[in-house]
Amino acid sequence: MDARRRPAKPLDGPVHPRSKQHRADVGVAGDASSLKASDALPLPLYLTNAVFFTLFFSVVYYLLSRWREKIRTSTPLHLVTPAEMAAIVAFVASFIYLVGFFGVDFVQSLILRPAGDVWTADDEDDDVVVAGADHDKILLKEDSRSSPCGQALDCAPVVQKPKLVDPVVQDAPKEKVIEAVPSAMPEEDEEIIKSVVEGKMPSYSLEAKLGDCKRAAAIRREALQRITGKSLSGLPLEGFDYESILGQCCEMPVGYVQIPVGIAGPLLLDGREYSVPMATTEGCLVASTNRGCKAIFVSGGATSVLLRDGMTRAPIVRFATAKRAADLKFFVENPANFESLAVIFNRSSRFARLQSIKCAIAGKNLYMRFSCSTGDAMGMNMVSKGVQNVLDFLQSDFPDMDVLGISGNFCADKKPAAVNWIEGRGKSVVCEAIIKGDVVRKVLKTSVEALVELNMLKNLTGSAMAGALGGFNAHASNIVAAIFIATGQDPAQNVESSHCITMMEALNDGKDLHVSVTMPSIEVGTVGGGTQLASQSACLNLLGVKGANKELAGANSRLLATVVSGAVLAAELSLMSAIAAGQLVRSHMKYNRSSKDVTKVSS
């Protein structure tokens with residue numbers, strides 16, 4: 001007898017419900033024909049469940065109503081009527097039935113669930129040997145679960161993956177030989193990967209169960225490749241701190257995307273020089289912005305002005321009548337009530353300071369647009385907490401107010417909206433520069449007259465013809481997106497942050513050029529979110545705006561907004577010059593096209 005084969009168990013010993021002896025006792029169809037406790041019920045099982053469900057919730061509602069009525073009339077709770085006594089008895093009976101039906105079986109399935117080695121311990125005759133590339137033998141256990149599954153058990157057939165064993169097993173009789181591909185993952189990780197692939201372990205729980213974010217990402221990645229049959233070999237896994245994104249930046253990571261970061265500059269803005277980091281895969285973008293920075297630098301620099309700094313959130317509430325909605329509108333917009341509302345709002349954070357509340361009515365629905373300063377944070381979470389405090393406070397004076405959502409799209413976040421274009425959101429900045437005529441000709445390779453005419457016909461008239469909303473510019477979103485990605489901002493907020501109108505005007509009898517960009521809703525922060533990741537933090541440090549400003553709250557985020565506007569000014573100036581000079585297509589054909597033969601690039 002093979003040393004690996006255990007002797008047969010005595011017949012008088014305990015019989016495991018999944019053993020061959022048990023299956024022989026009950027027969028092939030034993031499980032299907034065995035009696036169940038539900039067979040003793042006078043009604044079909046689904047009708048019995050429906051009766052007890054209805055009875056349970058009905059008596060609960062009745063008892064809660066009676067309890068509330070007694071509290072309102074100051075009646076002692078221990079004094080019960082016959083009807084209430086009957087309801088209590090029905091409640092207890094239905095509760096016991098529901099717990100017995102749903103709870104006991106569920107708990108038993110968790111506590112008494114047999115271990116994996118027990119399930120296959122008695123299935124010695126079902127061994128399968130698998131031959132690998134080196135003719136090693138792999139022992140498989142065929143699924144032999146034939147007894148009834150517990151309430152919480154997955155009864156689907158399980159396909160066991162191969163395990164390597166000693167080659168001596170190859171001499172075992174009556175065994176099938178199939179091909180197998182040895183796994184490169186550690187044996188311990190293999191078990192976890194199989195659990196994820198088979199759906200026994202949720203992928204999102206790997207970090208919590210393993211306590212190792214890097215290992216969790218590797219296991220999730222391997223499981224994903226096996227499930228989809230697609231390779232992720234081009235997506236890097238090594239070289240990233242997965243602990244830094246846990247619970248704040250990204251869920252269920254399997255790697256990270258590499259985006260090159262280029263530097264444009266120096267950008268001479270408000271008397272200081274900045275090297276602007278831009279993460280992009282668009283050729284010519286950094287080079288074009290860099291040329292604009294050069295034109296601004298040799299012309300004496302650009303100047304910026306911060307017009308407004310306030311993040312917004314607009315909840316939607318509903319009343320029974322439009323009159324009641326108007327009552328709340330008048331209440332919150334009354335200057336006499338602002339101070340008390342501001343006190344409630346400002347409790348949410350030491351940086352949050354309520355600035356204004358503007359309301360809009362649509363029938364019975366009221367939209368209240370709160371605006372507040374948020375320090376160096378972009379501030380969406382901060383303003384939302386403050387709004388929730390105010391809504392809770394208003395509920396006491398307006399108990400009929402139905403809060404439908406903390407955001408009613410009157411904010412408006414991550415969507416092009418006229419309210420942001422007109423009222424502003426985040427940081428509102430205007431940036432300007434005077435470019436000398438010689439610089440326009442020698443650096444930008446065009447003329448002042450051509451730039452002014454093109455700007456009017458393209459950025460102003462052309463955008464109006466297209467029905468643009470905040471898009472009266474050449475490509476502001478290109479620069480906003482590149483800087484946002486490099487510095488850890490929310491890329492989706494590029495939608496409203498790239499709202500921009502570019503103006504160009506001839507000065508000094510047409511010799512020089514005045515150029516400006518007005519951007520009413522730049523939404524940036526230097527703390528929180530992706531700003532704390534190593535790469536993004538390094539880019540913020542390059543600009544001198546890393547983290548919170550310890551001397552003046554909000555100074556770093558406001559400075560970042562002005563740098564964004566200055567970079568947009570440089571890029572607008574350069575692109576418009578390229579178009580005016582007819583260089584756009586030629587430069588993109590030279591710098592924005594790969595020289596590789598894509599037919600030879602492996603997929």
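Below, all heavy atoms of this structure are taken into account, side chains as well, without hydrogens, waters or symmetry copies. This one's a predicted model, so the numbers in the text were calculated from it and none came from an experiment.
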TODO: Give a yes or no on whether a salt bridge exists between K414 and E523, defined as a side-chain N under 4.0 angstrom from a carboxylate O.
DONE: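 No, K414 and E523 are not salt-bridged.
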
TODO: Give a yes or no on whether a salt bridge exists between K214 and E238, defined as a side-chain N under 4.0 angstrom from a carboxylate O.
DONE: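 A salt bridge links K214 with E238.
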
Measure the [atom1]-[atom2] distance between [X] and [Y] for me, rounded to the nearest 0.5 Å.
X	Y	atom1	atom2	value
M382	C372	CE	SG	7.5 Å
S203	R221	OG	CZ	13.0 Å
D413	S407	CG	OG	7.0 Å
L206	D212	CG	CG	11.0 Å
R313	S384	CZ	OG	4.0 Å
T289	I263	OG1	CD1	11.5 Å

Please report the shortest heavy-atom distance between [X] and [Y], naming the atom on each side.
X	Y	value
A412	A417	CB-CB, 3.7 Å
F52	A93	CE2-O, 4.3 Å
I193	R226	CG2-NH1, 3.5 Å
N556	G547	ND2-O, 3.0 Å

Close side-chain approach of [X] and [Y], heavy atoms under 4.5 Å:
X	Y	value
Y274	L542	no
I479	H475	yes
M378	Q493	yes
N549	T526	no
M519	V480	yes
Q532	S537	no
Q489	T531	yes
T281	P260	yes

TODO: Indicate the ring-plane relationship of F95 and F91, choosing parallel, tilted or perpendicular according to the 30° and 60° boundaries.
DONE: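 Rings of F95 and F91: parallel, as their planes differ by under 30°.
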
Open item on the list: Can you tell me which residue among E207, E243, E222, E188 is in a salt bridge (Lys or Arg N to Asp or Glu O under 4.0 Å) with R215?
Closed with: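 Considering E207, E243, E222, E188, a salt bridge (Lys or Arg N to Asp or Glu O under 4.0 Å) with R215 is found only for E188.
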
Open item on the list: What verdict does the side chain to side chain contact (heavy atoms under 4.5 Å, CB included) test give for L533 and I245, after you've listed the backbone C-alpha separation in whole Å, the side-chain angles of each residue and the deciding distance to 0.1 Å?
Closed with: CA-CA 8 Å; L533 300 180; I245 64 173; 3.7 Å; yes

TODO: Check whether more than 12 heavy atoms from other residues, nucleotides or ligands sit under 6.0 Å from atom CD of Q248, and answer yes or no.
DONE: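 Count over threshold, so yes.
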
Open item on the list: Other residues, nucleotides and ligands only: do more than 12 of their heavy atoms fall within 6.0 Å of CG on D490?
Closed with: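 For D490, atom CG is crowded (more than 12 foreign heavy atoms under 6.0 Å).
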
Open item on the list: Exactly one of R220, M201, K200, M185 should register a side chain to side chain contact (heavy atoms under 4.5 Å, CB included) with I192. Which one does?
Closed with: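 Result for side chain to side chain contact (heavy atoms under 4.5 Å, CB included) with I192: M201.
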
